[in-house]
Undergrad: 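What follows is a structure written as structure tokens; I'll ask about it next.
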Amino acid sequence: MEPISILLTTKGHPFDKGSFFQLFDSFENVEYTHVEHPAAQLILNPLNAKDYSVLVFYDMPGIDFHENHPGKEIAPSKEFKKGFLDLVKIGKPMLFLHHSIASWPSWDEYGEIIGGRFLYRSKKIEGEEKQDSGYRHEVNYKAKILIEHPITKGLSSEFDMCDELYLAEIFEDSITPLIKSDFSFTDKNFFSATNAIEGEMYSNKGWSHTKGSPYIAWIKSYLNSPIVYLQMGDSPTTYQNPSYRLLVKNSITWLNSPESKLWIKENNE
């Protein structure tokens, strides 16, 4: 069987590189090419990405964290936006992991492609002002399977995770949830992203947020592309978790399968 060729994009958020790449090294029948921003922006178009069956994102571009303007949004170039939209027009499968939900905050459509938004600063989404998102590291929780799907095949109906969770904007109307967390997604259980980038980590002082969505894994379609998002993926503890490894591998396999293409066709019809 020919290996699934993936393009793995990173940069914009720190991570343990050794443990992270060991995760992908462990997958049989998967070959990956790693690229970082800004070089990735030259590759993410139909011509240069034609040899890759699945695009995997563990990146967070479009945000400036320098001391003088933490959280400043940086717009993607017109060329990059066109190339990326051309990818979803031709149906390139995409897997977004963890902090990639915070990417390109100035480009509203990018959040629609993923199915949600993590906000470092409050902003308007679909005409409504939204507070900055929340985060909490090393949360012990039960991940609960919601539906039978090839991505969840082989997993227990509930499995243990210890990972970072987000209190973020999840566009529930556009997604098909696969997994939820049993953690309580209320502001008292999370810390403000704006406080963090302004130098006060692990603080929710002066911050409030509406109750958030418990969904931490989903599938969706955007134009002709099947999309998977997995919120898990913060640390070596997660990279080494057998359930998470199976979840990532299953996601890549499904995205590359005829079934995902048929699912997109049926959704579009």
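A quick note: this is a predicted structure, and the numbers were derived from the prediction, not measured. For the single chain, residues carry numbers from 1 onward in sequence order.
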Undergrad: Hey, quick one: are I125 and F96 part of the same hydrophobic cluster, counting side-chain heavy atoms closer than 4.5 Å, chains of contacts allowed?
TA: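 No, because I125 and F96 fall into different hydrophobic clusters, even though each may have its own neighbours under 4.5 Å.
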Undergrad: Using only atom types and a distance under 3.5 Å, with no angle test, would you say the side chain of Y58 pairs donor to acceptor with the backbone of G233?
TA: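 At least one qualifying donor-acceptor pair exists.
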Undergrad: Checking the side chain of S133 only, and the main-chain atoms of L119 only, is there a donor and an acceptor separated by less than 3.5 Å?
TA: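 Side chain of S133 to backbone of L119: a pair is present.
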Undergrad: Salt bridge check: are R117 and E126 linked by an N-O gap of less than 4.0 Å?
TA: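 No salt bridge links R117 with E126.
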Undergrad: Salt-bridged, E79 to K81, with N to O below 4.0 Å?
TA: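 No, no charged N to carboxylate O under 4.0 Å.
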Undergrad: Take a 6.0 Å sphere around CD of E129 and say whether it holds more than 12 heavy atoms from other residues, nucleotides or ligands.
TA: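 Correct, the count exceeds 12.
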Undergrad: Please determine, by modelled atom types, if S5 and E31 share a side-chain donor-acceptor pair under 3.5 angstrom.
TA: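 The answer is no; no qualifying pair exists.
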Undergrad: Is the F27 to Y32 ring centre distance short of 6.0 Å?
TA: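 Ring-ring flag for F27/Y32: false, centres at least 6.0 Å apart.
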Undergrad: Under a 4.0 Å threshold between the charged nitrogen and the carboxylate oxygen, would D182 count as salt-bridged to K144?
TA: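 D182 and K144: not salt-bridged.
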Undergrad: Can you find a pair of side-chain heavy atoms, one from I101 and one from Y110, that are under 4.5 Å apart?
TA: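 A side-chain contact is absent here, since even the closest heavy-atom pair is not under 4.5 Å.
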Undergrad: Quick one: does any side-chain atom of Y120 pair with a main-chain N or O of P70 as donor and acceptor, under 3.5 Å?
TA: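 Looks like no, no N/O pair under 3.5 Å.
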Undergrad: What side chain to side chain donor-acceptor pair (under 3.5 Å) pairs are there with at least one residue in residues 222-232, not counting sequence neighbours?
TA: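 Side chain to side chain donor-acceptor pair (under 3.5 Å) check on residues 222-232 returns E109-Y222, N224-N268.
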Undergrad: Any donor and acceptor pair, going by atom type alone, linking the side chain of K92 with main-chain N or O of Y52 inside 3.5 Å?
TA: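 The answer is yes, because a donor-acceptor pair under 3.5 Å joins these two groups.
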Undergrad: Tell me whether E172 at atom CD has more than 12 heavy atoms from other residues, nucleotides or ligands lying less than 6.0 Å away.
TA: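 Correct, the count exceeds 12.
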Undergrad: For H37 and T9, does a side-chain donor sit closer than 3.5 Å to a side-chain acceptor?
TA: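 The answer is no; no qualifying pair exists.
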Undergrad: Please answer: with hydrophobic residues joined when any side-chain heavy atoms are less than 4.5 Å apart, are I151 and L262 in the same cluster?
TA: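 Cluster IDs for I151 and L262 differ.
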Undergrad: Test your reading of the model: is there a side-chain donor-acceptor pair from S156 to the backbone of F159, 3.5 Å cut-off?
TA: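 Pair absent, no side-chain N/O of S156 close to backbone of F159.
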Undergrad: Quick one: do the E259 and S257 side chains pair a donor with an acceptor below 3.5 Å?
TA: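 Yes, a side-chain donor-acceptor pair sits under 3.5 Å.
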Undergrad: Answer yes if the ring centres of H13 and F15 are under 6.0 angstrom apart, and no otherwise.
TA: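 H13 vs F15: aromatic centres not under 6.0 Å.
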Undergrad: Measure centre to centre between the rings of H209 and F190, then say whether the value is under 6.0 Å.
TA: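 Not close enough - the centres of the two rings lie 6.0 Å or further apart.
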Undergrad: Should F171 and L230 be counted in the same cluster of Ile, Leu, Val, Met, Phe, Trp and Tyr side chains packed under 4.5 Å apart?
TA: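 Per the 4.5 Å side-chain linkage, F171 and L230 are not co-clustered.
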Undergrad: Evaluate whether atom NZ of K180 has more than 12 neighbouring non-hydrogen atoms of other residues, nucleotides or ligands under 6.0 angstrom away.
TA: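 12 or below, so no.
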Undergrad: Is the distance from the ring center of W104 to that of F84 below 6.0 Å?
TA: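 Aromatic pair excluded; centres sit 6.0 Å or further apart.
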Undergrad: Looking only at atom types and distance, does a side-chain atom of Y141 sit under 3.5 Å from a main-chain N or O of M161, one as donor and one as acceptor?
TA: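 A pair under 3.5 Å: no.
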Undergrad: Answer yes or no: is there a side-chain heavy-atom contact under 4.5 Å between L85 and I113?
TA: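 In contact.
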Undergrad: Would F191 end up clustered with M201 when hydrophobic side chains under 4.5 Å apart are linked, directly or stepwise?
TA: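 Same cluster: F191 reaches M201 through Ile, Leu, Val, Met, Phe, Trp or Tyr contacts under 4.5 Å.
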Undergrad: Please confirm whether the backbone N or O of D59 pairs with a side-chain atom of S103, one donor and one acceptor, at under 3.5 Å?
TA: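 It does hold such a pair.
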Undergrad: Show your working on side chain to side chain donor-acceptor pair (under 3.5 Å) between H98 and Y166 and close with a plain yes or no.
TA: CA-CA 9 Å; H98 195 51; Y166 295 148; 3.1 Å; yes
Undergrad: Hydrogens and angles aside, do S192 and D132 bring a side-chain donor and acceptor to less than 3.5 Å of each other?
TA: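 Short answer, yes.
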Undergrad: Would you name the heavy atoms of I227 and L255 that are closest together and state the gap between them?
TA: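 In terms of heavy atoms, the two residues are closest at N-CD2, 4.3 Å.
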Undergrad: Taking D64 for its side chain and G71 for its backbone only, find out whether a donor-acceptor pair lies under 3.5 Å.
TA: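 Pair absent, no side-chain N/O of D64 close to backbone of G71.
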Undergrad: For N189, is there any backbone N or O sitting under 3.5 Å from a side-chain donor or acceptor partner on R136?
TA: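 Yes, R136 side chain to N189 backbone: donor-acceptor pair under 3.5 Å.
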Undergrad: Return yes if some donor-acceptor pair links the side-chain N/O of K123 with the main-chain N/O of P105 below 3.5 Å, else return no.
TA: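 Yes.
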Undergrad: Decide, yes or no, whether a salt bridge links K153 with E148 under the criterion of side-chain N to carboxylate O below 4.0 Å.
TA: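 A salt bridge is absent here (no side-chain N lies under 4.0 Å from a carboxylate O).
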Undergrad: Using the rule given for side chain to side chain donor-acceptor pair (under 3.5 Å), can you reason through D163 versus T238, listing the C-alpha separation, both sets of side-chain angles and the distance that settles it, and then say yes or no?
TA: CA-CA 6 Å; D163 195 50; T238 303; 2.6 Å; yes
